[in-house]
Amino acid sequence: MRLATWNVNSVTARLPRLVDWLQRAEPDVLCLQETKVAEFPVAELAALGYEVAAYGLNRWNGVAIASRVGLADVTRGLPEEPGFPDPEPRAIGATCGGVRVWSVYVPNGRTPDSPHYGYKLHWLAALRKALADELRAPGEGTPGSAGAYADLVVTGDFNVAPADSDVWDPAAFVGSTHVTPAEREAVAALLTLDLRDIVPRPLKGDNPFTYWDYRAGMFHQDMGMRIDLVFATAGLAGQAADAYIDREARKGKAPSDHAPVVVDFAARIAAIPEK
DNA sequence: ATGCCTTATTTCATAAGA
(Lines give C-alpha, C1' and ligand atoms only; values in the text may rest on other atoms or scores of the structure.)
Protein backbone atom coordinates (compact mmCIF):
# COMPACT_ATOMS: atom_id res chain seq x y z
CA MET A 1 0.00 0.00 0.00
CA ARG A 2 1.24 3.43 -0.94
CA LEU A 3 -0.02 6.05 1.52
CA ALA A 4 0.53 9.77 1.22
CA THR A 5 -0.33 12.94 3.09
CA TRP A 6 -0.53 16.45 1.68
CA ASN A 7 -1.61 19.78 3.06
CA VAL A 8 -2.87 21.27 -0.20
CA ASN A 9 -3.76 24.76 1.09
CA SER A 10 -7.16 24.77 -0.64
CA VAL A 11 -8.26 21.79 -2.70
CA THR A 12 -10.09 24.20 -4.98
CA ALA A 13 -6.97 26.22 -5.80
CA ARG A 14 -4.87 23.03 -6.01
CA LEU A 15 -7.24 20.79 -7.96
CA PRO A 16 -5.30 20.80 -11.26
CA ARG A 17 -2.07 20.04 -9.47
CA LEU A 18 -3.76 17.47 -7.24
CA VAL A 19 -5.14 15.61 -10.24
CA ASP A 20 -1.75 15.67 -11.96
CA TRP A 21 -0.01 14.50 -8.82
CA LEU A 22 -2.41 11.61 -8.24
CA GLN A 23 -1.81 10.37 -11.76
CA ARG A 24 1.94 10.59 -11.30
CA ALA A 25 2.36 9.35 -7.72
CA GLU A 26 -0.51 6.85 -7.72
CA PRO A 27 -1.03 6.60 -3.97
CA ASP A 28 -3.54 4.03 -2.76
CA VAL A 29 -4.56 6.31 0.07
CA LEU A 30 -4.10 10.08 0.23
CA CYS A 31 -4.76 12.11 3.36
CA LEU A 32 -5.47 15.77 2.69
CA GLN A 33 -5.46 18.79 4.97
CA GLU A 34 -6.52 22.41 4.61
CA THR A 35 -9.01 21.54 1.91
CA LYS A 36 -10.86 24.78 2.73
CA VAL A 37 -14.13 23.68 1.19
CA ALA A 38 -17.53 22.55 2.41
CA GLU A 39 -18.19 20.68 -0.84
CA PHE A 40 -15.19 18.56 -1.80
CA PRO A 41 -14.72 17.98 -5.56
CA VAL A 42 -15.39 14.25 -5.28
CA ALA A 43 -16.23 13.75 -8.96
CA GLU A 44 -12.77 14.80 -10.13
CA LEU A 45 -11.15 12.23 -7.85
CA ALA A 46 -13.74 9.57 -8.61
CA ALA A 47 -12.68 9.87 -12.25
CA LEU A 48 -9.25 8.69 -11.13
CA GLY A 49 -10.66 5.75 -9.19
CA TYR A 50 -10.71 7.27 -5.73
CA GLU A 51 -13.45 7.27 -3.18
CA VAL A 52 -13.37 10.33 -0.94
CA ALA A 53 -14.50 10.98 2.59
CA ALA A 54 -14.31 14.67 3.40
CA TYR A 55 -14.96 16.85 6.40
CA GLY A 56 -15.11 20.59 5.77
CA LEU A 57 -17.39 23.32 7.00
CA ASN A 58 -16.21 26.66 5.66
CA ARG A 59 -13.22 28.59 4.36
CA TRP A 60 -10.87 27.36 7.09
CA ASN A 61 -9.37 23.96 7.87
CA GLY A 62 -10.92 20.88 6.28
CA VAL A 63 -9.57 17.34 5.97
CA ALA A 64 -10.24 14.39 3.68
CA ILE A 65 -9.17 10.86 2.83
CA ALA A 66 -9.08 9.61 -0.75
CA SER A 67 -8.70 5.87 -1.26
CA ARG A 68 -8.68 3.38 -4.09
CA VAL A 69 -8.43 0.40 -1.71
CA GLY A 70 -11.70 0.85 0.10
CA LEU A 71 -13.10 3.46 2.45
CA ALA A 72 -15.17 2.25 5.38
CA ASP A 73 -16.16 3.20 8.91
CA VAL A 74 -15.69 6.93 8.35
CA THR A 75 -15.42 9.03 11.50
CA ARG A 76 -15.55 12.82 11.39
CA GLY A 77 -14.01 14.69 14.30
CA LEU A 78 -12.67 13.36 17.60
CA PRO A 79 -15.02 12.19 20.36
CA GLU A 80 -13.80 14.66 22.98
CA GLU A 81 -12.19 17.34 20.86
CA PRO A 82 -12.22 20.95 22.04
CA GLY A 83 -13.44 23.75 19.77
CA PHE A 84 -12.61 27.42 19.32
CA PRO A 85 -15.24 27.76 20.55
CA ASP A 86 -17.00 25.37 18.18
CA PRO A 87 -15.43 22.14 16.89
CA GLU A 88 -13.49 22.64 13.67
CA PRO A 89 -13.05 20.11 10.83
CA ARG A 90 -9.56 18.90 11.67
CA ALA A 91 -9.76 15.11 11.85
CA ILE A 92 -11.28 12.35 9.75
CA GLY A 93 -10.77 8.63 10.11
CA ALA A 94 -11.52 5.72 7.81
CA THR A 95 -10.52 2.11 7.25
CA CYS A 96 -8.70 1.64 3.95
CA GLY A 97 -7.30 -1.67 2.74
CA GLY A 98 -7.42 -3.08 6.24
CA VAL A 99 -5.58 -0.15 7.79
CA ARG A 100 -7.19 2.39 10.09
CA VAL A 101 -6.23 5.82 8.73
CA TRP A 102 -6.55 9.26 10.32
CA SER A 103 -5.98 12.52 8.45
CA VAL A 104 -5.42 15.37 10.90
CA TYR A 105 -4.85 19.10 10.78
CA VAL A 106 -3.63 20.14 14.22
CA PRO A 107 -4.40 23.73 15.27
CA ASN A 108 -1.60 26.16 14.54
CA GLY A 109 -1.29 27.67 18.00
CA ARG A 110 -0.19 31.05 16.66
CA THR A 111 1.94 32.14 19.63
CA PRO A 112 2.66 30.49 23.00
CA ASP A 113 0.70 33.20 24.82
CA SER A 114 -2.34 32.91 22.55
CA PRO A 115 -5.56 31.11 23.53
CA HIS A 116 -4.98 29.15 20.32
CA TYR A 117 -1.91 27.59 21.90
CA GLY A 118 -3.88 26.04 24.75
CA TYR A 119 -6.47 24.93 22.21
CA LYS A 120 -3.71 23.19 20.25
CA LEU A 121 -2.50 21.27 23.31
CA HIS A 122 -6.02 20.26 24.29
CA TRP A 123 -6.72 19.16 20.74
CA LEU A 124 -3.61 16.97 20.71
CA ALA A 125 -4.69 15.42 24.01
CA ALA A 126 -8.09 14.63 22.50
CA LEU A 127 -6.36 13.06 19.51
CA ARG A 128 -4.33 10.82 21.80
CA LYS A 129 -7.45 9.77 23.65
CA ALA A 130 -9.26 8.93 20.42
CA LEU A 131 -6.33 6.88 19.11
CA ALA A 132 -5.92 5.10 22.43
CA ASP A 133 -9.56 4.08 22.25
CA GLU A 134 -9.14 2.70 18.76
CA LEU A 135 -5.94 0.88 19.63
CA ARG A 136 -7.19 -0.21 23.02
CA ALA A 137 -3.77 0.27 24.54
CA PRO A 138 -3.20 -1.57 27.83
CA GLY A 139 -4.75 0.32 30.70
CA GLU A 140 -6.25 2.93 28.45
CA GLY A 141 -9.26 3.51 26.30
CA THR A 142 -12.92 3.81 26.98
CA PRO A 143 -14.52 0.60 28.22
CA GLY A 144 -16.76 -0.81 25.53
CA SER A 145 -15.25 1.26 22.72
CA ALA A 146 -15.01 -0.39 19.33
CA GLY A 147 -11.22 -0.26 19.33
CA ALA A 148 -8.69 -2.88 18.50
CA TYR A 149 -7.36 -1.87 15.11
CA ALA A 150 -4.15 -3.82 14.57
CA ASP A 151 -2.75 -1.48 11.91
CA LEU A 152 -3.25 2.24 12.22
CA VAL A 153 -1.74 5.34 10.63
CA VAL A 154 -2.31 8.86 11.89
CA THR A 155 -0.89 11.42 9.50
CA GLY A 156 -1.24 15.00 8.45
CA ASP A 157 -0.15 18.50 9.36
CA PHE A 158 0.73 18.36 13.07
CA ASN A 159 2.02 21.92 13.19
CA VAL A 160 4.79 20.67 15.47
CA ALA A 161 8.43 20.07 14.53
CA PRO A 162 9.37 17.07 16.70
CA ALA A 163 13.07 17.93 17.01
CA ASP A 164 15.45 20.82 16.39
CA SER A 165 16.69 18.99 13.30
CA ASP A 166 13.17 19.41 11.91
CA VAL A 167 13.53 23.18 11.51
CA TRP A 168 15.99 25.05 9.33
CA ASP A 169 17.32 27.17 12.20
CA PRO A 170 16.34 26.44 15.81
CA ALA A 171 17.54 29.89 16.83
CA ALA A 172 14.97 31.45 14.51
CA PHE A 173 12.15 29.68 16.35
CA VAL A 174 12.93 30.72 19.92
CA GLY A 175 9.69 31.97 21.42
CA SER A 176 7.61 30.55 18.60
CA THR A 177 5.08 27.80 18.45
CA HIS A 178 5.77 24.44 16.73
CA VAL A 179 8.94 23.83 18.76
CA THR A 180 7.97 24.37 22.41
CA PRO A 181 8.53 21.54 24.88
CA ALA A 182 4.81 21.25 25.62
CA GLU A 183 3.95 20.83 21.95
CA ARG A 184 6.71 18.31 21.40
CA GLU A 185 5.65 16.39 24.50
CA ALA A 186 2.05 16.29 23.29
CA VAL A 187 3.20 14.80 19.99
CA ALA A 188 5.67 12.44 21.66
CA ALA A 189 2.80 11.24 23.87
CA LEU A 190 1.13 9.88 20.75
CA LEU A 191 4.13 7.66 20.14
CA THR A 192 3.69 6.05 23.56
CA LEU A 193 0.66 4.34 22.01
CA ASP A 194 3.23 2.10 20.30
CA LEU A 195 3.26 4.28 17.21
CA ARG A 196 6.41 5.03 15.18
CA ASP A 197 7.39 8.28 13.51
CA ILE A 198 8.22 7.39 9.90
CA VAL A 199 10.75 10.05 8.93
CA PRO A 200 10.78 10.45 5.15
CA ARG A 201 13.91 10.95 3.11
CA PRO A 202 14.37 14.23 1.27
CA LEU A 203 14.89 13.90 -2.46
CA LYS A 204 17.50 16.64 -2.31
CA GLY A 205 19.63 17.88 0.55
CA ASP A 206 19.80 16.56 4.08
CA ASN A 207 16.70 18.02 5.67
CA PRO A 208 13.41 16.10 5.84
CA PHE A 209 11.35 19.27 5.54
CA THR A 210 7.76 19.16 4.35
CA TYR A 211 6.81 22.83 4.58
CA TRP A 212 8.46 26.00 3.33
CA ASP A 213 6.95 29.45 3.74
CA TYR A 214 5.88 31.07 0.48
CA ARG A 215 7.80 34.22 1.31
CA ALA A 216 11.37 35.30 0.67
CA GLY A 217 12.43 32.31 -1.39
CA MET A 218 12.37 30.00 1.60
CA PHE A 219 11.89 26.90 -0.52
CA HIS A 220 14.86 27.30 -2.80
CA GLN A 221 17.05 28.01 0.23
CA ASP A 222 15.63 24.93 1.96
CA MET A 223 14.53 27.02 4.93
CA GLY A 224 11.72 24.72 5.96
CA MET A 225 10.21 22.57 8.64
CA ARG A 226 9.12 18.96 9.10
CA ILE A 227 5.60 19.34 10.44
CA ASP A 228 3.73 16.88 8.22
CA LEU A 229 4.17 13.60 10.05
CA VAL A 230 3.31 9.95 9.51
CA PHE A 231 2.82 7.89 12.65
CA ALA A 232 2.11 4.18 12.23
CA THR A 233 1.64 1.24 14.56
CA ALA A 234 4.93 -0.58 15.06
CA GLY A 235 4.09 -3.62 12.97
CA LEU A 236 2.97 -1.51 10.08
CA ALA A 237 5.91 0.86 10.38
CA GLY A 238 8.18 -2.16 10.12
CA GLN A 239 6.68 -2.78 6.69
CA ALA A 240 7.64 0.68 5.43
CA ALA A 241 9.88 -0.05 2.46
CA ASP A 242 10.36 3.59 1.52
CA ALA A 243 9.27 7.03 2.63
CA TYR A 244 10.07 10.26 0.85
CA ILE A 245 9.08 13.90 0.48
CA ASP A 246 7.93 14.76 -3.03
CA ARG A 247 9.56 18.18 -3.33
CA GLU A 248 8.72 18.25 -7.04
CA ALA A 249 5.16 19.07 -5.96
CA ARG A 250 6.44 22.20 -4.19
CA LYS A 251 8.02 23.59 -7.35
CA GLY A 252 6.57 25.59 -10.18
CA LYS A 253 3.47 27.68 -10.54
CA ALA A 254 0.85 27.85 -7.80
CA PRO A 255 2.12 25.16 -5.44
CA SER A 256 0.91 24.46 -1.93
CA ASP A 257 3.39 25.58 0.71
CA HIS A 258 3.59 21.93 1.82
CA ALA A 259 5.00 18.98 -0.11
CA PRO A 260 3.39 15.53 -0.07
CA VAL A 261 4.93 12.78 2.06
CA VAL A 262 4.72 9.33 0.48
CA VAL A 263 5.16 6.01 2.31
CA ASP A 264 5.27 2.60 0.69
CA PHE A 265 4.17 -0.23 2.92
CA ALA A 266 5.24 -3.59 1.52
CA ALA A 267 2.70 -6.36 1.16
CA ARG A 268 0.42 -4.99 3.76
CA ILE A 269 -2.96 -4.64 2.14
CA ALA A 270 -5.21 -6.96 4.08
CA ALA A 271 -8.26 -6.89 1.90
CA ILE A 272 -9.05 -4.81 -1.14
CA PRO A 273 -12.80 -4.90 -1.56
CA GLU A 274 -13.91 -6.28 -4.90
CA LYS A 275 -15.63 -3.65 -6.96
C1' DA B 1 17.72 26.74 -11.12
C1' DT B 2 13.14 25.25 -7.27
C1' DG B 3 12.74 31.86 -7.31
C1' DC B 4 11.36 36.10 -3.61
C1' DC B 5 3.36 34.94 -0.41
C1' DT B 6 -1.18 32.79 -0.86
C1' DT B 7 -5.97 31.68 0.34
C1' DA B 8 -11.25 32.61 0.57
C1' DT B 9 -14.24 35.98 1.64
C1' DT B 10 -17.94 40.09 4.77
C1' DT B 11 -13.13 41.76 -1.83
C1' DC B 12 -10.11 47.76 -3.89
C1' DA B 13 -9.17 45.11 2.62
C1' DT B 14 -8.82 41.41 6.08
C1' DA B 15 -7.64 37.27 8.78
C1' DA B 16 -4.95 33.45 8.82
C1' DG B 17 -1.18 30.58 7.94
C1' DA B 18 3.63 28.76 10.83
Side-chain angles (χ1 to χ4, degrees), chain A residues 5-18 20-21 24 32-41 54 56-64 83-86 88-90 104-121 123-124 156-180 182-184 186-187 202-229 244-261:
Chain A
T5 185
W6 194 8
N7 178 326
V8 289
N9 186 17
S10 171
V11 72
T12 305
R14 220 62 61 211
L15 191 56
R17 289 190 70 127
L18 174 60
D20 286 347
W21 188 81
R24 180 163 57 84
L32 295 161
Q33 300 86 38
E34 283 207 85
T35 53
K36 295 185 173 179
V37 283
E39 301 293 328
F40 192 99
L57 298 177
N58 55 30
R59 65 182 290 196
W60 305 117
N61 315 306
V63 287
F84 201 91
D86 299 317
E88 299 175 314
R90 295 180 175 276
V104 300
Y105 176 50
V106 177
N108 174 287
R110 300 193 185 179
T111 60
D113 61 355
S114 164
H116 290 267
Y117 181 80
Y119 170 47
K120 181 179 193 174
L121 296 179
W123 198 93
L124 282 166
D157 181 354
F158 282 73
N159 273 317
V160 176
D164 279 353
S165 57
D166 294 317
V167 299
W168 61 272
D169 180 8
F173 288 87
V174 172
S176 299
T177 53
H178 296 62
V179 299
T180 65
E183 289 166 273
R184 286 176 169 170
V187 168
L203 296 184
K204 181 180 180 182
D206 299 323
N207 302 308
F209 300 154
T210 64
Y211 161 86
W212 302 261
D213 194 293
Y214 283 125
R215 290 166 285 193
M218 299 279 276
F219 175 62
H220 72 268
Q221 299 172 75
D222 202 22
M223 297 163 71
M225 309 171 75
R226 184 174 76 100
I227 53 176
D228 299 274
L229 310 176
Y244 66 93
I245 303 146
D246 189 354
R247 68 191 306 281
E248 296 298 317
R250 181 64 178 77
K251 297 180 182 178
K253 185 178 176 61
S256 170
D257 43 3
H258 296 249
V261 176

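Per chain, numbering begins at 1; letters A, B, ... match sequence-line order. Bear in mind that the values here come from a model prediction, so they are computed numbers and not experimental data.
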### Query
Within the structure shown, what part of the strands sits under 4.0 Å from A/Asp228 by heavy-atom distance: base, sugar-phosphate, or nothing?
nothing

### Message
Taking B/dT6 as the reference, what is the distance to B/dT11 when you measure between their C1' atoms (whole Å, please)?
### Response
15 Å

### Query
Within the structure shown, what part of the strands sits under 4.0 Å from A/Gly109 by heavy-atom distance: base, sugar-phosphate, or nothing?
nothing

### Query
Of the candidate nucleotides B/dC5, B/dA8, B/dT2, which contains the atom at the shortest distance from the side chain of A/Thr12?
B/dA8

#### Entry: Atom P, compared across B/dA8 and B/dA18: separation rounded to whole Å
15 Å

#### Entry: Proximity to the side chain of A/Arg110 - top-ranked nucleotide from B/dA15, B/dA18, B/dA16
B/dA16

### Query
Can you tell which of B/dT2, B/dT6, B/dG17 lies closest to the side chain of A/His220?
B/dT2

#### Entry: Donor-acceptor side-chain pairing of A/Gln33 and A/Thr5 below 3.5 angstrom
yes

### Task
Indicate yes or no: does A/Asp222 engage A/Lys204 in a salt bridge with an N to O separation below 4.0 Å.
no

### Summary
Of the listed B/dT2, B/dA8, B/dC5, the closest approach to the A/Lys204 side chain comes from B/dT2

### Message
Using a 4.0 Å heavy-atom cut-off, does A/His116 contact any base of the nucleic acid, only the sugar-phosphate backbone, or nothing at all?
### Response
nothing

## Note on the structure
The nucleotide from B/dT2, B/dA8, B/dC5 with an atom nearest the side chain of A/Tyr214 is B/dC5

### Query
Between A/Tyr119 and A/Asn108, do the side chains contain an N or O donor and an N or O acceptor separated by less than 3.5 Å?
no

### Task
Answer with base, sugar-phosphate or nothing: what part of the nucleic acid does A/Met218 contact at a heavy-atom distance below 4.0 Å?
nothing

### Task
Starting at atom NZ of A/Lys253, determine the distance to atom P of B/dA1, rounded to an integer number of angstrom.
17 Å

### Task
Using a 4.0 Å heavy-atom cut-off across all strands, classify A/Tyr105 as base, sugar-phosphate, or nothing.
sugar-phosphate

### Closest contact, heavy atoms only, A/Ala249 versus A/Trp21
CB-CD1, 4.1 Å

### Task
Tell me which nucleotide among B/dA15, B/dT6, B/dA18 gets nearest to the side chain of A/Trp60.
B/dA15

### Summary
In whole angstroms, the gap separating P of B/dA18 from CE of A/Met223 amounts to 17 Å

### d(CG, A/Asp246; C1', B/dT2) in whole Å
13 Å

#### Entry: P spacing across the pair B/dT9 / B/dC4, given as an integer number of angstrom
25 Å

### Summary
When rounded to whole Å, the CD to P distance for the pair A/Glu248 and B/dT2 reads 8 Å

## Note on the structure
Rounded to whole Å, CG of A/Asp213 lies from P of B/dG17 at a distance of 13 Å

### Query
When you compare B/dT10 with B/dC5, how far apart are their C1' atoms, in angstrom units rounded to a whole number?
23 Å

### Query
Given A/Phe84 and A/His116, is the ring-ring contact (aromatic ring centres under 6.0 Å, His included) satisfied, shown in steps?
CA-CA 8 Å; A/Phe84 201 91; A/His116 290 267; 3.8 Å; yes

#### Entry: Nearest-nucleotide pick for A/Arg59, side chain only, options being B/dT2, B/dA18, B/dA8
B/dA8

## Note on the structure
Of the listed B/dT2, B/dA8, B/dG17, the closest approach to the A/Arg247 side chain comes from B/dT2

